[in-house]
Amino acid sequence: MDLLNLSLLANDAAVAASGFLSSADVLTLIPAAPLIAAITIALFGKPFLKERSHIVTVAALAVSFLMSLVLLFQDLPHAAASAGESLGYGPEIVTPLFQWVAIGNINVQVALRADAISAIMLAMVTGVSLLVAIFASGYMHGDPGYPRFFGAVSLFVFSMCMLVLAPSFLMLFVFWEAVGLCSYLLIGFWFKKPSAAAAAKKAFVVNRIGDFGFILGIFLIWTTFGALDFSTVLGNPARLQQIATDNPSLITTICLLLFLGAMGKSAQFPLHVWLPDAMEGPTPVSALIHAATMVTAGVYMVARCTPLFVLAPDAQLVVGSIGAATALIAALTALTQTDLKRVMAYSTVSQLGYMFMGLGAAVAGPEHATFAVTAAMFHLFTHAYFKALLFLASGSVMHSMGDVIDMRRFSGLKHALPITHWTFACGAAALAGLPVLSGFWSKDDILAALQTAGSHGPHQQAFQIIFGVATLTALLTAFYTFRAYFLTFHGKEVFPEEAGHHPHDAPPAMAWPLRILAVCALGIGLVVGPITHGFANTMGGTPGLLHAESHGFHIGLMLMSAIVAVVGVGIAYLMYGSGREKVESLPAKFGPLYKLSLNKFYFDELFLGLIVLPLRGIAKLSFAIDQLVIDPLVDLCGAIPRWFSSIPKVMHNGLVSSYAYIMFAGLIVIVLFALQVVSS
């Protein structure tokens, strides 16, 4: 069945489903299906389902994806039409579930809330997760933790759907933490492997730093607005403007604290160190975390809070600057990595920085904010498809090479792995931003937004520099992406010993998700972007944003971007496309710079020296004080009553002579006391 037939079938099913399901039913089924799958696998996976556990997960994610399409293409447009909206899906759909907390004026209701931005996110999250789950059914075959894996994946998707559907900052934070927990479980899935367990702990601990700032921001929102629901906090522009006028530093502080949470979840400098190590989990987990779920949560949260951020230009500058620093540092690090999955991981960090540069460009003013936020979300959307493709294709290489992923140990795989080769090439071309492919359109929109921020509004000079960083990062992205492509698929055919003499290409369960994602990587940006403007029109209906502006083609930017991408690919070909002889001389030519990139700018060592070792020293000192001071004092307090309690035991020993001595001593005490009384 080809992709066209699949899309037609999905559309027919969506139309049919919309006929007998209410909006509340549709909204509830999106998170409920993966939750039911997680519970089912937890109860029956190991004893009964075993190697069939993926069926439950795939079926549940298919239901969620179908309902997300119904929400996006049926329910929200109907709600917009009934409300008289001529452009976009302005109204929101809210489905109350149950009362959680009701104490005084604190009233917390668990509900599901959908608008344009959340509907787009849901379609992307469930669609990519469905393809990843299908791929994982082949990739994880034979693993002893097979049911546990699919149970955790189902719980992960449920948590992400609930995060996107949260109607308040409190619910957002609850499922923000649930997504973090699931990532910990999946990164450390092979928990008997020390590096996997360490990577899971690292991800969990580093995210706690960002989450501390996030929860402080939520507390400050509560004290400022007296509420935590989005409609109250973000839905009253006049009140927001009044607060920003009366106390601009307050809005800036709230935005910076919220952004600190996004820095942890979306791996922004300097909290980016956990994401590359997350490669220790199974490859489908990497695709889930990097493409469709966890790391996009920070971008989504900042985009959701745009009505706050547009009133805090200084916070927007911080967002754009951190994004620029992250994008450049990660791209420079990816230049020399030898682990194929790690190259893709640093690419994700860099592209997330790109998205935050786009979000920061909303500083140009409310009239430009919609275009800047739409550009960032558009790049998030296209990135999900080509990055999921690249990770899954890397997993296919690893699967065929006997779990070897070091590019120094294999080459020339294009003939042995034809499906993996051409699908990886599609993803690499889209990531590099070659003309008319998905990454080209979304990257150019961010460059256009940054160019606007560099000529309008506050901090123009800073955003001109950020624009330059974004352009340089685009060049580096094209170079390191095709460096990985040429090293893996071109040159002399070399297989590692672990792969055997005739490595096999992806089986059908792995190949079809690769094919579908390849088609999306090539064309989805063009379809929803320049051809239909569907993405911009839909985003323009998000409550709190102005309607989408009409932006034509930026011919100059498009030409510059195309030249940058082609030059990056060309340099990669000259250096890596014709063999490895030139590669071996690079460390000697670039010396310290090569070593600096290869060792990831020594951020792990800096964290170890500046944070981990001092804290470990404090912990050891505290342990010593506890053992040598606190414990002896506590033991002494317990020994004193025990010593006093031993006196009667000595006195009452059953010997008549002892009792006589005690009576004689008592008589002396009484006589002395009587003499004292008489003399006084």
Please confirm whether His272 and Phe603 have ring centers closer than 6.0 angstrom.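 Under 6.0 Å, so yes.
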Would you check if the distance from the ring center of Phe259 to the ring center of Phe356 is below 6.0 Å?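 When the ring centroids of Phe259 and Phe356 are compared, they turn out to be within the sub-6.0 Å range.
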Side-chain donor/acceptor of [X] to backbone N/O of [Y], under 3.5 Å:
X      : Y      : value
Glu280 : Ala278 : no
Thr57  : Ser154 : no
Asp631 : Val634 : no
Lys265 : Trp176 : yes
Thr224 : Ile221 : no
Thr232 : Leu228 : no
Ser53  : Phe150 : no
Ser129 : Thr126 : no
Ser168 : Asp229 : no

Can you tell me if Gln627 has over 12 outside heavy atoms packed within less than 6.0 Å of its CD?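 Enclosed: over 12 neighbouring heavy atoms sit under 6.0 Å from CD of Gln627.
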For [X], what residues pass the side chain to side chain donor-acceptor pair (under 3.5 Å) criterion, not counting sequence neighbours?
X      : answer
Tyr146 : His54
Tyr602 : Asn599
Asp246 : Gln242
Gln337 : none

Distance check, rounded to the nearest 0.5 Å: [X] atom [atom1] versus [Y] atom [atom2]?
X      : Y      : atom1 : atom2 : value
Thr245 : Leu311 : OG1   : CG    : 8.0 Å
Ile218 : Ile215 : CD1   : CD1   : 6.0 Å
Leu352 : Leu275 : CG    : CG    : 7.0 Å
Leu598 : Thr333 : CG    : OG1   : 10.0 Å
Ser350 : Met344 : OG    : CE    : 11.5 Å
Tyr184 : Met294 : OH    : CE    : 13.0 Å

Please name all residues satisfying salt bridge (charged side-chain N to carboxylate O under 4.0 Å, His left out) with [X], sequence neighbours left out, ordered by chain then number.
X      : answer
Arg239 : none
Lys595 : none
Arg342 : Asp277
Asp604 : Lys202, Lys600

Search all heavy atoms of [X] against all heavy atoms of [Y] and return the closest pair with its distance.
X      : Y      : value
Leu258 : Cys305 : CD1-SG, 4.0 Å
Ala227 : Val233 : O-CG2, 3.6 Å
Thr283 : Tyr139 : OG1-OH, 3.1 Å
Pro270 : Met263 : CD-CE, 3.8 Å

Side chains of residues 27-51: which donor-acceptor pairs under 3.5 Å do they make with residues two or more places apart or in other chains?
| unit_1 | atom_1 | unit_2 | atom_2 | d |
| --- | --- | --- | --- | --- |
| Thr28 | OG1 | Ala24 | O | 2.7 |
| Thr40 | OG1 | Ile36 | O | 2.7 |
| Glu51 | OE1 | His141 | ND1 | 3.4 |

Would you mind listing every ring-ring contact (aromatic ring centres under 6.0 Å, His included) that reaches into residues 222-256, with sequence neighbours excluded?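 Passing the test, one end in residues 222-256: Phe169-Phe230.
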Within residues 149-178 or reaching into it, pairs that qualify as salt bridge (Lys or Arg N to Asp or Glu O under 4.0 Å) - sequence neighbours excluded: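 Output for this query lists Glu177-Arg208.
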I'd like to check Leu112 versus Pro167 (side-chain heavy atoms, cut-off strictly below 4.5 Å). Are they in contact? no
Ser249 and its side chain to side chain donor-acceptor pair (under 3.5 Å) partner, picked from Asn247, Thr253, Thr252: Asn247
Sequence neighbours left out, what passes side-chain contact (heavy atoms from CB on, under 4.5 Å) with Ala203? Give chain and number order.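 side-chain contact (heavy atoms from CB on, under 4.5 Å) list for Ala203, sorted by chain: Ile187, Trp274.
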